[in-house]
There are 2 protein chains.
Amino acid sequence: MKESEKSWEEWIEWIAQDYGLNLDRQDRETDKQKRILEAAMHIFSERGFEGASTSAIAHRAGVAEATIFKHYRSKKGLLLHLVIPAISKVATPYLLQPVVKILDQDKPLDELFHEFYANRVNLVEGNWKKVKIILVESLFQPELREALHNHVAKAFYEVASDRIERWKREGRVRDDLPTHVIARSILSIGIGYLLAKNKAFPGFLVQEEEEQELVWMADVILHGIAGPKEKGASSRD
Amino acid sequence: MKESEKSWEEWIEWIAQDYGLNLDRQDRETDKQKRILEAAMHIFSERGFEGASTSAIAHRAGVAEATIFKHYRSKKGLLLHLVIPAISKVATPYLLQPVVKILDQDKPLDELFHEFYANRVNLVEGNWKKVKIILVESLFQPELREALHNHVAKAFYEVASDRIERWKREGRVRDDLPTHVIARSILSIGIGYLLAKNKAFPGFLVQEEEEQELVWMADVILHGIAGPKEKGASSRD
DNA sequence: TAATTGAGTAAGTGATTACTTACTATCATC
DNA sequence: GATGATAGTAAGTAATCACTTACTCAATTA
């Protein structure tokens, strides 16, 4: 069976065997386990996976180093314990539902996109450290990349493309652009804002209050930036 | 003097002193020096800075480990030797010139943006490994982040905002959007395409030939994705 | 040609790494 | 009150880390 053909459940099971990932989220974690995960989140996100030492994590968590290995088997096991539940939450209908709910409202697209961006920006910023770990490490850890591609991205794209095609039929979205271009553009505007604000170049690429920026984002993605003199040039008219 | 008030030249000099960076690019590198830099580029980009060992780099370059330290003083010095010249090239008018040349042509913005995206996509893809190192490590190395922010980003933004404001006056670009929003949106569409194609989710976010994708990118940023039913909703009309 | 210089390296250095072993303390169950 | 089972850890382990020392050799300079 090829890697990419594994279902989410099969993939999780495979990881679980290799790294002792306990999937039963019900069985409550010890106080020390929680503190280890919290410490790991901070140190992984500050120094990256390779730059983080288990001794530093143990020290920050206030436990002996061996305790980490008792619970998580290996350093990589610790990383996956931290990150896989987060990914699996996103892949779950549970976290995809706000998106669906927002996209299915009977409102002008301006308002709808505004709400969508506000919701997703909020989600990412509320979990910035974990998001950073997942994004950076997915560049170096094939398992993570595979997971993001096959499950998170795919799930989102299915929801998105479904709506976009309906909007095309209803004349609310241009039907002369392929669906993937529209989906990518919507995402790009949001990601660009998050990068500019959080990491890259705050100060001159993000200057106003968030509420106002979100309105502009929705405006740009819907109507573009062309002025009256350039409007006729579109192939759609 | 605050970090951010250093000029590019002062900053380079400061780095040079700390890490023995030889700025005189004229004095030709040894064959072995070239091979070390080449090996470092591959291994840094594959494993990240912390994950890359100097012994692995030496092995790949076919030199003794000590040779690396003879030339670059420390592992971090090696990283900066690799990365600073690349950044400084971008900050230089020399590499900014293609952008200026493209943006100052007397053509419809559709064509202009198409050309701009083609040019920048080309540049990034031709130097993908270095770009990856710079982006990832700038998340963890403050010197790199500082350099990108104060010199590359600033330089680009100055060129961009100048043109955008002129276009506003000429009615070629909407004057009801702030300049930074326009600049950010243009960049976002480009970055989104690069991420989708190279790293994140090729396959369903990038499906067509590059030439065609570039046309769509220019189209979306100029005219948006709204269909006839939603067009009236804009605040600009 | 004697002296100097820079490229290059073999063989280390102590520190730190991820991970183990062998142990104690606590607590529920029979 | 003996029996496991689990949580936790002190004190290791071998391997690897970034970096140094002390040297050779070839080319240049005086």
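Per chain, numbering begins at 1; letters A, B, ... match sequence-line order. Just so you know, these numbers use all the heavy atoms, side chains as well, and skip hydrogens, waters and symmetry mates. Quick caveat, the model's predicted, so the values are computed rather than measured.
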Do [X] and [Y] pair up side chain to side chain, a donor and an acceptor below 3.5 Å, judged on atom types alone?
X: A:Gln33; Y: A:His81; answer: no
X: B:Glu210; Y: B:Tyr117; answer: no
X: B:Glu65; Y: B:Ser55; answer: no

Protein-nucleotide distance ([X], atom [atom1]; [N], atom [atom2]), rounded to Å:
X: A:Ile36; N: C:dA18; atom1: CD1; atom2: C1'; value: 15 Å
X: A:Ile68; N: D:dT9; atom1: CD1; atom2: C1'; value: 12 Å
X: A:Leu79; N: C:dC19; atom1: CG; atom2: P; value: 12 Å
X: B:Arg47; N: D:dA18; atom1: CZ; atom2: P; value: 10 Å
X: A:Tyr72; N: C:dA18; atom1: OH; atom2: C1'; value: 17 Å
X: B:Lys34; N: C:dA7; atom1: NZ; atom2: C1'; value: 15 Å
X: B:Ile43; N: D:dC17; atom1: CD1; atom2: P; value: 11 Å
X: B:Glu50; N: D:dA18; atom1: CD; atom2: C1'; value: 11 Å

Using 4.0 Å as the upper bound for N to carboxylate O, is an ion pair formed by [Y] and [X]?
X: B:Lys76; Y: B:Glu143; result: yes
X: A:Lys197; Y: A:Glu213; result: no
X: B:Glu38; Y: B:Arg60; result: no

Q: Return the nearest nucleotide to the side chain of B:His71; candidates are C:dG8, D:dA7, D:dT9.
A: C:dG8
Q: On the 0 to 90° scale, with breaks at 30° and 60°, tag the B:Phe44-B:Phe49 ring pair as parallel, tilted or perpendicular.
A: tilted
Q: Report which part of the nucleic acid B:Ala52 touches: base, sugar-phosphate, or nothing (heavy-atom distance under 4.0 Å, all strands).
A: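 Sugar-phosphate only.
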Q: Compare every heavy atom of B:Leu82 with every heavy atom of B:Ala40, then report the nearest pair and how far apart it is.
A: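 Reported closest heavy-atom pair: C-CD2, 4.1 Å.
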Q. Ignoring hydrogens and geometry, is there a side-chain-to-backbone donor-acceptor pair from B:Asn198 to B:Leu194 under 3.5 Å?
A.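 Judged by distance alone, yes, a pair lies under 3.5 Å.
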Q | Distance below 4.0 Å between B:Thr67 side-chain N/O and C:dA7 OP1 or OP2 | A |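 Checking C:dA7 against B:Thr67, no side-chain N or O comes under 4.0 Å of OP1 or OP2.
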Q. Going by heavy atoms closer than 4.0 Å, what residues in residues 57-64 of chain A are next to DNA chain C?
A.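 Residues of residues 57-64 of chain A under 4.0 Å from DNA chain C: none.
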Could you list, one pair per line, each protein nitrogen or oxygen that sits under 3.5 Å from a nitrogen or oxygen of nucleotides 19-24 of chain D, together with the distance?
{"residue": "D:dC19", "atom": "OP2", "partner": "B:Lys75", "partner atom": "N", "Å": "2.7"}

